[in-house]
Asks: 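Below is a structure I'd like to ask you about.
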There are 2 protein chains.
Amino acid sequence: MNEEFTIGQVAEKTGLSIHTIRYYEKEGILPIIKRNKSGTRIFEYEDIQWINLLNCLRNTGMPIAQLKEYADLTLEGDQTGEKRLEILKKQKEKIEEQVNTLKSHIDLLNLQMEWYPRLKKVNIQFDHVMKTWLKDGKLPPEL
Amino acid sequence: MNEEFTIGQVAEKTGLSIHTIRYYEKEGILPIIKRNKSGTRIFEYEDIQWINLLNCLRNTGMPIAQLKEYADLTLEGDQTGEKRLEILKKQKEKIEEQVNTLKSHIDLLNLQMEWYPRLKKVNIQFDHVMKTWLKDGKLPPEL
DNA sequence: CTACAATCTAGAGTTCACTCTAGATCAAGT
DNA sequence: ACTTGATCTAGAGTGAACTCTAGATTGTAG
């Protein structure tokens, strides 16, 4: 479990580019990365874990600035656990919201797609649905 | 059903800013918007429907350039129906993928959150899970 | 008629998150 | 030792999608 990785290997494993990993380090959202005597970065297994968490948060829309906050809290140590937990909880809620939004987007697309084959008839329905959409931002209950 | 709206009203109804609506028009992804004799835009109900569709596609990651394609196809008329249907179908699949990704992100966050209360014990599990994650990009089957 | 808020255009500026470049150094195989 | 490919830094450049500005014009409530 004391494997070591070069930046290239980490890039491959995490799906980030080498540039991006260095950029993240510069932004201070990576833990302190070990170096060998000539300055080449040496990543450990833990670092990859961390990057995967970052990726998860980034992919769900958390901006770098907030990742920085999270990283700083982590640096402060155990007593910030609660705060970090809170951040993760909030992000989870945000993702759940995103899932719901995406689902209603799927509904809208399905609707729009039905529109093509049965034009005249569904046009009226569509109109009705759109009115509901405009009014309260969701599909009418009878769908 | 022949209601008319100002740009400000449309902004409020669609959640876009006034600037963004004008920007979208400049990019050619809005239908031709009526004007009154002195040049003020007059939006109709249809235009709002269209913007809602745009919003749906944009929010799920479709770039402006592709919206432009879609808009151009629509301008060409009925004979492009199939192509447009195809675009919407693909986007729907993309959204479904996004939902799945988000769900596995939630799993990862849940895991990371469990980590805090029961530290030592779950650390090992977490490690195991992360290894699976790194290897095949998903959670181990036993979870 | 008079304010005052909303709209208009063209174009410049901003933000975010990378992404790339140049020029130097280093690591590993033969 | 030599070569080739990977890595290093500092800093510039990019692309997407807005977002804002200035200066003029218009719509409307009192």
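Here is the naming used below: chain letters follow the sequence lines, and residue numbers restart at 1 for every chain. Since this is a predicted model, take the numbers as computed values, not measurements.
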Asks: For dC8(D) and Arg22(A) - does any side-chain N or O of the residue sit under 4.0 Å from the phosphate oxygens OP1/OP2?
Replies: yes

Asks: Think Arg35(B) has a side-chain N or O under 4.0 angstrom from the OP1 or OP2 of dT25(D)?
Replies: no

Asks: Is it the case that atom CD in Gln9(B) sees more than 12 heavy atoms from other parts of the structure closer than 6.0 Å?
Replies: yes

Asks: Would you kindly give the CD-to-C1' distance between Glu27(A) and dA17(C), to the nearest whole Å?
Replies: 9 Å

Asks: Strictly below 4.0 Å: does Tyr24(B) bring a side-chain N or O up to OP1 or OP2 of dC18(D)?
Replies: yes

Asks: Considering only dC18(D), dT7(C), dC20(C), which nucleotide approaches the side chain of Thr20(B) most closely?
Replies: dC18(D)

Asks: Starting from P on dT21(D), measure out to OH on Tyr23(B) and report it in whole angstrom.
Replies: 19 Å

Asks: How many whole angstroms separate atom CD of Glu25(A) from atom C1' of dA10(D)?
Replies: 14 Å

Asks: Between Met62(A) and Phe43(B), name the one whose nearest nucleotide on DNA chain C is closer to the 5' end.
Replies: Phe43(B)

Asks: Nearest to the side chain of Ile64(B), heavy atoms from C-beta on, is which of dT7(C), dC18(D), dT7(D)?
Replies: dC18(D)

Asks: How many Å lie between CD1 on Ile7(B) and P on dG27(D), as a whole number?
Replies: 15 Å

Asks: Expressed in angstrom and rounded to an integer, what is the separation of Lys68(B) atom NZ from dA17(D) atom P?
Replies: 14 Å

Asks: When the distance from CG of Leu57(A) to C1' of dA17(C) is rounded to whole Å, what number comes out?
Replies: 16 Å

Asks: Pull out every protein N or O sitting under 3.5 Å from an N or O of nucleotides 26-30 of chain C, one pair per line with the distance.
Replies:
{"from": "dC26(C)", "atom 1": "O3'", "to": "Ser38(A)", "atom 2": "OG", "distance (Å)": "3.2"}
{"from": "dA27(C)", "atom 1": "OP1", "to": "Asn36(A)", "atom 2": "ND2", "distance (Å)": "3.1"}
{"from": "dA27(C)", "atom 1": "OP1", "to": "Ser38(A)", "atom 2": "OG", "distance (Å)": "2.8"}

Asks: Between P on dC16(C) and NZ on Lys26(A), what's the gap in Å once rounded to a whole number?
Replies: 17 Å

Asks: For a quick test of reading the model, state the closest non-hydrogen atom pair linking Leu102(B) to Thr60(A) and the distance between them.
Replies: CD2-CG2, 3.4 Å

Asks: Closest nucleotide of DNA chain D for His19(B) versus for Pro63(B): which of these residues is on the 5' side?
Replies: Pro63(B)

Asks: Between the main-chain N or O of Val10(A) and the side-chain N or O of Thr14(A), is there a donor-acceptor pair closer than 3.5 Å?
Replies: yes

Asks: Under a 3.5 Å distance rule, please check whether Thr74(B) uses its side chain to pair with a backbone N or O of Tyr70(B) as donor and acceptor.
Replies: yes

Asks: What distance do Asn55(B) atom CG and His105(A) atom NE2 have between them, rounded to the nearest 0.5 Å?
Replies: 7.5 Å

Asks: Ignoring backbone atoms, test whether Arg58(A) places a side-chain nitrogen or oxygen under 4.0 Å from the OP1 or OP2 oxygen of dA17(C).
Replies: yes

Asks: Can you establish whether the number of heavy atoms outside Glu12(B) located under 6.0 Å from its atom CD is more than 12?
Replies: no

Asks: Starting at CD1 of Ile42(B) and ending at P of dA6(C), how long is that distance when rounded to a whole Å?
Replies: 18 Å

Asks: So, is Arg41(B) close to the dT26(D) phosphate, meaning a side-chain N or O under 4.0 Å from OP1 or OP2?
Replies: no

Asks: Tell me, yes or no, whether the heavy-atom count around Glu96(A) atom CD, taken from other residues, nucleotides or ligands under 6.0 Å, exceeds 12.
Replies: yes

